[in-house]
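Data block below; observations after.
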Amino acid sequence: MAYSDKVLDHYNNPRNVGSLDKGASNVGTGIVGAPECGDVMKLQVQVNPATGIIEEAKFKTFGCGSAIASSSLATEWLKGKTVDQALEIKNTDIVNELSLPPVKIHCSVLAEDAIKAAIQDYKQKAGVPVEAAVQQA
Amino acid sequence: MGTFQIDFSNSRKQRVVGIDLGTTNSLVAYMDVTAPKVIPGEDGEPLVPSVVSLTEAGEIIVGNPALQALITHPDRTIYSVKRLMGRGIDDVTEELKLFPFRVAGSGESVLKLSLGEKTFSPPEISAFILRQLKRNAEAALGEEVRQAVITVPAYFNDAQRQATKDAGRIAGLEVQRLVNEPTAAALAYGLDKRKDGVVAVYDFGGGTFDISILRLHEGIFEVLATGGDTHLGGDDIDNLLLKIALEDIESEWKQDLSGNGEAVQTLRRAVINAKHELSRLPAVTLVFDYAGKQYRRELTRPVFEKLILPIIERTLAPCRHCMNDAGLEPEKIDEVVLVGGSTRIPLVRASVERLFRAKPHTELNPDQVVALGAAVQAAILSGDVQDKLLLDVTPLSLGIEIMGGLVSRILHRNSTIPASATEVFTTAVEGQTNVLIHVLQGERELVKDCRSLARFDLKGIDPAPAGLARIEVRFLIDANGILNVSARDLRAGKEQSVEVKPSYGLTDDQVEAMILESIDKAQDDFQERQLREARVEADAILAAVEKARQNDAYFDLEESDRDLITRGLNELLVVYHGEDHLLVRAKIDQLNQATMKLAENMMNTAVNQALKGTKI
Amino acid sequence: MQAGQCWQCESPAENNLFCKFCNSLQRPLTDYYAFFGLEHKLNIDNEDLQRRFYQLSKLLHPDRYTRRAQRERDYSLEATAILNDGYRVLRDPVKRAEYILAEQGFEVGEQRAKDVPPELLEEVFELNMALEELVSGASSVRPQLEEARSRFRAMRREADERLGDLYKLWDASGERDSLVAVRGELNRRKYIENLITEVEKALSA
């Protein structure tokens, strides 16, 4: 199976590994897991409250290479996007970009879920009404 | 099963022999009424050294004669070829440093070794050994032998197994089953044991080390776990001693002999003898005469043990691993069986005893037990033994390559075989019509650390958007431990064609060509020997009948009986110089029949005369 | 030959391993429980399972079919592969439960992250971080690693106990809710299992 250099690079030198201050009001954190393989992924976004643009994204993933590459790619894509644009990232985009085999598609699902969870966390903190917040009110 | 089965196959049962195709020695055995027996070679020796030589006359010789040639014609002789079975040029570089294999170049995936002016692949060389064993069996059993069970180290991978099977086919043998050596040993060992329990088989041979743990239960021999090292054996001890001796000689004589084939082989023989002696003596003197000079060195057992300790210790880690895989503590192991010539070394026995906390069994000949077990398995396959069954495992995990040069495991090692796994594959780009699958064997996470088995090309997929195709691939490891792959297009519901490119080993076409080349010859061999034997028998009966015709009893016969004898004689003489051994035998029978009455009369006359001379 | 008929004598085959009339081996069933003649329960008597495994091996193994028709040889290989695969799954309480879950329509392979309680993820993440710190630390952390291993093993034991209770619940009631709980506990166990593997890797390095 031939992989593009880019993909291998994401796997060998994952970008944006690390963490942001979880307590900060402009940082959203999402922790998700893929039970079938025991992977766990934390993804964080730091948003400029004035513009709504994601300035920084970090991740930390315990899991297989595909999960690491998926989250690395996701953080690359997040930077410079608005929070709403970020929600448009779909797992299939990641699958196509990385040519993930079927047995590893769940890794891309994990990355998509991590993005959603992080954005939701940010919105909740920033007081932006989201579904969950509305329901709780 | 309440009802009985009707066997539609050939009414006359084909005999299946058991073969231990070893690194150092090979043996053939068969199941005699109740017990397996080893068949000796032409020289009466049960062990046939796994050495092949090409004489200057262009004739292939095998076994003890070839062992002699190893010294006189080292460049026309090959030993320990098992180390190269199923291997590519890249993974034998270590081997080449230690063994005088002459690689004649390597095609796409197969090594070729030169033997004098000719070149052969390792399976072809092994086939020469197998053909010799086949001949020995045929001579002893008086019938053609076409089916065999061949043993392989438990830790052999798919390519090594395939290469062994190829060797069998080239030798004109239908390989009914490949059996793991330690498992075969357990079968021979447990044959007359009624006891159930857990048995560990420690198999330390010439070139390979295997450990297997089995549960014996009501005739079922269930392998729980297996492990080993396909490159660890008595050879390593020989090479170590040889290296030390060569260095020693160099400092003493100021002469480097390591490039001198004849000297090295003579020294090697001396070193091996010393090793053997040290299993029963506290000290030996290594003597090496060469070009008018003599090298002598005293070697004591403690020094020998200190030297080989690191090699012995390399066998212990796989043993611990194997117990762990079987989920057993040493206390749970009821018996330990030793197999392979290297287990004669006292240090090996002591180390095994310490590790398993049990005194190992040594009552079976460690050189023969594997072949005997193979004969038992052969009898199981032919239906002659029905109360035993072997359940073996695959020694290595099976995986496929996924992103990033990683291996995704689909079938774990120590799975009972036959075993299968199913994976669904799809396409990555729109309109893609084939998918390449890379299959690997091994326990490591990275592709580069595992053994590449084959690349499968799934072809003829209906064009569709990326990711829509659903190709279900079934990986099946059969009872020989060999992988079979089949695929189905789930959307179209049809069988999918799979094209296999084995990473190492001969293609089917290559094997076919080698079989064609050799089978005629093997047939000729067999025919010729049969004919020779028939003529010897004919000579005997012709001489006897000639003599009897001088006897009074002959003239007492009716004329018609005398005519029958004359006709029988003439007809036998006519076919005697023909090529058909069956015809010669038929005419021998005919003459035997015709002379029955004459023989009876002669006997009576003799008895009467004897009685006459005796006073009652 | 029609479906449900013996390929050899064409009498009704009724999904048996052997034709009742001519005794030839039939195309094997692929359901592991049916193959072993067991009810679909999460709790299984492993000794009984082993007995069945040995019995079926004696009947089906390819060694017993070398002199038979090609068709029967193929079925024997097929059947023995199913037998061995099934034995591997059914004798393992976790694989067995995953098999039942898949059979009951739980898509084990494509679970969404939301099926996992956030507290568990948080806990696993923190455990992983702590483990990573231990492993990457310069000083010898062997005692801490061993301590972590026994803690994780204790967690796995607890998970197994809870699973055992949940298995009983489902075996008795057959209610889907109990299977949801089984799946949740299996997920948790999977994470613990991963942690144990990681610690062991670190300890053996």
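In what follows, chains are A, B, ... by sequence order, proteins preceding strands, each numbered from 1. Computed from a predicted structure; not experimentally measured.
Checking side-chain atoms of C:Arg64 against main-chain N and O of B:Gln386 turns up a donor-acceptor pair under 3.5 Å.
Only the side chain of B:Leu476 comes within less than 4.5 Å of a heavy atom in chain C; its backbone stays farther off. The part of B:Ile417 that comes within reach of chain C is its backbone (N, CA, C, O), which places non-hydrogen atoms under 4.5 angstrom from that chain. Interface residue B:Glu218: backbone and side-chain heavy atoms are both found under 4.5 Å from chain C. For B:His412, no part lies under 4.5 angstrom from a heavy atom of chain C. Looking at B:Ile220, only its side chain comes within 4.5 Å of chain C, counting heavy atoms on both sides.
Distance check: C:Thr66 OG1 to B:Arg177 CZ gives 7.5 Å after rounding to the nearest 0.5 Å. Taken from NZ in C:Lys58 to CG in B:Leu389, the straight-line distance is 8.0 Å, to the nearest 0.5 Å. The line from CG of B:Asn484 to CG of C:Leu77 is 7.0 Å long, rounded to the nearest 0.5 Å. Taking CG of B:Leu381 as the reference point, atom CG of C:Asp63 lies at 4.5 Å (rounded to 0.5 Å). With values rounded to the nearest 0.5 angstrom, C:Tyr54 atom OH is found 4.5 Å from B:Arg215 atom CZ. How far OG1 of C:Thr80 is from CG of B:Asp478: 11.0 Å, rounded to the nearest 0.5 Å.
Salt-bridge formation is detected for the pair C:Glu78/B:Arg474: a Lys NZ or Arg NE/NH1/NH2 atom is positioned less than 4.0 Å from an Asp or Glu carboxylate oxygen.
Heavy-atom pairs under 4.5 Å with chain C peak, among B:Ala421, B:Ala479, B:Ser415, at B:Ser415.
Crowding of C:Glu47 atom CD: a count of heavy atoms from other residues, nucleotides or ligands under 6.0 Å not exceeding 12. The local environment of CZ in C:Arg91 is crowded, with over 12 non-hydrogen atoms from other residues, nucleotides or ligands closer than 6.0 Å.
Considering C:Leu60, C:Ile82, C:Asn84 in turn, C:Asn84 is the only one that fulfils the side-chain contact (heavy atoms from CB on, under 4.5 Å) rule with B:Pro418.
Smallest separation of non-hydrogen atoms from C:His61 and B:Leu390: NE2-O, 3.6 Å.
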